[in-house]
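I have placed the structure first, in the form of structure tokens, so that the comments after it can refer back to it.
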Amino acid sequence: MKIHEYQSKELLKLFGIPTPESIVTENKISLLNAFKEFGSRAVLKVQVHAGGRGKSGGVKLVENSKDVNDFADKFFGKYFKTIQTGNDSVLINKILVEEVSNILSEMYLALLVDGSHQSINIIVSPEGGTDIEEVASKNPEKILNFPVNTILGPTDFQIREILDFLSLDIKSFSKLKNIIQGLYKLYLEKDCSLIEINPLIVDNRHELIALDAKISFDEDALYKHEDILDLRDINQENEIEIQTAELGIKYVQLKGSVGCIVNGAGLAMATMDVIQSSGLKPANFLDIGGGADEEKISKAMSAVLSDVNVKIVLVNLFGGILRCDVASRGFIMALDKYQSSAPKLIIRMQGTNSEEGKDILNATNYNISFAENLDQISKILMDKE
Amino acid sequence: MSLRIDENTKVIVQGITGKEGGFHALRCIEYGTNIVAGVTPGKGGQLFNDSINVYDSMKSAKLETDANTSLIFVPSPFAPDAILESIYSGIKTVICITEGIPVNEMIKIYKIANDNKVTLIGPNCPGLINPSANCKIGIMPGDIFTPGRIGVVSRSGTLTYEAVDQLTKNGIGQSLCVGIGGDPIIGTTFIDVLDYFINDTDTDGIVFIGEIGGTKEQEAAEFLKSVNNSKPIAALIVGASAPEGKRMGHAGAVISGDSGKAESKMNALRDAGCEIIVHPGKIADTLKKII
């Protein structure tokens, strides 16, 4: 689960990590008032769950009320696109007003899980304020990445190593230690899946300050953290994804024309690959999960059908706990609402009660092609193109 | 670490009185697995399926049955404790089916399992199966497997079934199939299973199924380069069509950076001598070309 920058910074403050003075606003009047609090200069930042805001004009240094007024008119209640959102856009409901920092240097600092070391890793780079992926591919020697000991947490010698790597003065040791230990504590206590401070700056008073912050949380641990759940902004999330998640269906909307319904995440990805190798594009990832009943399967089909880009629906089920006859009845429940406007269907069913499942679908008037295996799915997709 | 499972494998099912645990325990018994006990705290003294004793704790179940393996179906909030209870009872192989265990908890559990030299498989995995010994410890549909000499290792459940179904329909039997799980932190990795297959006299060839996210496939490729392996390996990586930054169901299946992409994984495995399966429908066909 993602949260906004201003929420991330509030959490950082709670854990003792310095951030710039800032005020979050929800409308033009409060934005103008907040600007006055900072005197004659401030930075305005739109609050959306996407990176790349700066390059899209969503971050601006303002020096008079007219600029603030224009910024408010341009963004409040409007939809916003960045490199990361692609063709989608996200709604702007909040704008953060922040004091202007005098930056001496910009660095990168992040914590995330490393499956290879079975640990939480700290990643730092002296190249802050830029896309870290770009640094990783062009100047990998400018990135320091190491696992934190599960028992001890970040130790003093590791913090000295970071200090040295970032070319920071030894006088900054206790400030850096405070930040890194605070972040690690926050990561564990709130079950984060990523904390990214980009940039972490040194200002003209030689203070270390988190100028931007991105935090996301482990969805599987949210049940433990009501305070974090309260930070969720569903306006920033995909509507179909929200509805399906409530039913325990894993759905991710993509941009293609072939909707798919699959059981199992691995088989779902394989099915998307089959669609792509047939020259088409998947409209979604969808894993119904094990042991689904008619109702849940009907909802899964409805979710796929509700995507206006879907021209073909591909069902690929390997029945185990999931019974194919139950699935077929669920599909029909959803399809009946669409009647003649239902798209073409390609059905592959294998395993528990698959013959029964196919018979049930065969008895309907829907436009269905049956496939025995993944190869046949490819052939049918290529014919339908 | 040994992944050998056979008629000497005595299994305790943790969470046997639950819906999932009970259903799959029965399927394992039908397949021929020696399930010797069940554990559900507070339900000790009951009989499961009129034949299997249910105990309150792993300690008492282990003491009474001398089991060596446990299979966990406990819901995710309680699963980390169930794994720990298993480890401290002296069980040496723990298979955790449970999905959705918080990652930060698994980091600690992993360390404890490792320190106690326990073979942990999963979490969020389908388990493992040895068709020639009629031993299945997991949730896979038993009827698609057939005894033979190909080892299968995979991060996914249903995709393993897809692979095995193709193998069986092409007359290729399996020696051992292991689903290592789709989470970022898992006990047994590709490297552990590959190491086992390479040294296993019952295995002549390997099907390797990976997916986007993390770098476990690249580490497996490095391992293959470092050992003297003459057994043919057919490798499939799924998720080439997935966008960056979106979680594809499995908690571990999210691309962040180039190394998490399917292409980078395929290149690494190709360099390590694996035959790359270019279409998920060609798993058996690709293997047939190299064995």
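In the text below, chain A, chain B and the rest are named by the order of the sequence lines, each starting its count at 1.
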Most heavy-atom pairs under 4.5 Å with chain A, out of B:Gly245, B:Gly100, B:Ala253, belong to B:Gly100
Among residues 159-169 of chain B, residues within the sub-4.5 Å heavy-atom range of chain A, in order of number, are B:Leu159, B:Tyr161, B:Glu162, B:Asp165, B:Gln166, B:Lys169
To the nearest 0.5 Å, atom CZ of B:Arg247 lies from atom OG of A:Ser216 at 11.5 Å
Rounded to the nearest 0.5 Å, the CD atom of A:Gln118 sits from the CD1 atom of B:Ile186 at a distance of 8.5 Å
* Side chain of A:Asp218, backbone of B:Val103: donor and acceptor closer than 3.5 Å? -> yes
Turns out that what part of A:Gln376 lies under 4.5 Å from chain B's heavy atoms comes down to neither
Honestly, the part of B:Ala242 sitting under 4.5 Å from a heavy atom of chain A is both
**Prompt:** Above 12 or not: heavy atoms from other molecules or residues under 6.0 Å from CD of A:Glu239?
**Reply:** no
Looking only at heavy atoms, the pair that brings A:Tyr223 and B:Glu105 closest together is OH-OE2, 4.5 Å
**Item:** Residues A:Thr271, B:Val238; criterion side-chain contact (heavy atoms from CB on, under 4.5 Å); working and verdict
**Value:** CA-CA 9 Å; A:Thr271 305; B:Val238 297; over 6 Å; no
Could you check whether any side-chain N or O of B:Thr158 sits under 3.5 Å from a backbone N or O of A:Asn263, counting only pairs where one atom can act as donor and the other as acceptor? yes
Note to self: For B:Lys225, I'd like to know if atom NZ has over 12 heavy atoms of other residues, nucleotides or ligands within 6.0 Å.
What the structure shows: yes
Whatever's closer than 4.5 Å to a heavy atom in chain B on A:Leu254 counts as side chain
Applying a strict 4.5 Å limit to non-hydrogen atoms, the region of A:Lys224 in contact with chain B is side chain
For A:Lys250 and B:Gly249 the tightest heavy-atom approach is CD-CA, 3.7 Å
Looking only at A:Thr352, A:Ile275, A:Val252, the option with the highest number of non-hydrogen pairs under 4.5 Å against chain B is A:Val252
**Prompt:** Does atom CD of B:Glu30 have more than 12 heavy-atom neighbours, drawn from other residues, nucleotides or ligands, at distances under 6.0 Å?
**Reply:** yes
- With side chains defined as the heavy atoms from C-beta onward, is the minimum distance between A:Val113 and B:Ile107 less than 4.5 Å? yes
So, the part of B:Ile237 with a heavy atom under 4.5 Å from chain A: the answer is backbone
Applying a strict 4.5 Å limit to non-hydrogen atoms, the region of B:Lys108 in contact with chain A is both
query = Checking side-chain contact (heavy atoms from CB on, under 4.5 Å) for the pair A:Ile151/B:Lys111: CA distance, chi angles, key distance, verdict?
reply = CA-CA 9 Å; A:Ile151 297 173; B:Lys111 171 145 183 53; 3.4 Å; yes
In this structure, CG of B:Asn104 is separated from CG of A:Asp191 (nearest 0.5 Å) by 5.0 Å
Inset, instruction - Applying side-chain contact (heavy atoms from CB on, under 4.5 Å), run through B:Tyr110 and A:Thr150 and close with a yes or a no. - result: CA-CA 10 Å; B:Tyr110 175 89; A:Thr150 305; over 6 Å; no
When the 4.5 angstrom heavy-atom criterion is applied to B:Pro77 and chain A, the contacting part is both
Applying a strict 4.5 Å limit to non-hydrogen atoms, the region of B:Gln218 in contact with chain A is neither
Interatomic distance, CG@A:Asp273 vs CD1@B:Ile212, rounded to 0.5 Å, equals 8.5 Å
When rounded to the nearest 0.5 Å, the distance separating CE of A:Met269 from OG of B:Ser156 is 7.0 Å
*Determine whether more than 12 heavy atoms belonging to other residues, nucleotides or ligands lie under 6.0 Å from atom CZ of A:Phe15.*
yes
Looking only at A:Asn373, A:Leu188, A:Val262, the option with the highest number of non-hydrogen pairs under 4.5 Å against chain B is A:Leu188
Whatever's closer than 4.5 Å to a heavy atom in chain B on A:Ala270 counts as both
Over 12 non-hydrogen atoms of neighbours within 6.0 angstrom of NZ in A:Lys2: no
Cut-off 4.5 Å, heavy atoms of chain A, and the answer for B:His279 is side chain
Closest non-hydrogen contact found for A:Ala265 with B:Met248 is CB-O, 3.7 Å
Counting C-beta onward and ignoring hydrogens, is there a side-chain heavy-atom pair between A:Glu241 and B:Lys246 closer than 4.5 Å? yes
If one checks every heavy atom of B:Arg27 against chain A at 4.5 Å, the contacting part turns out to be neither
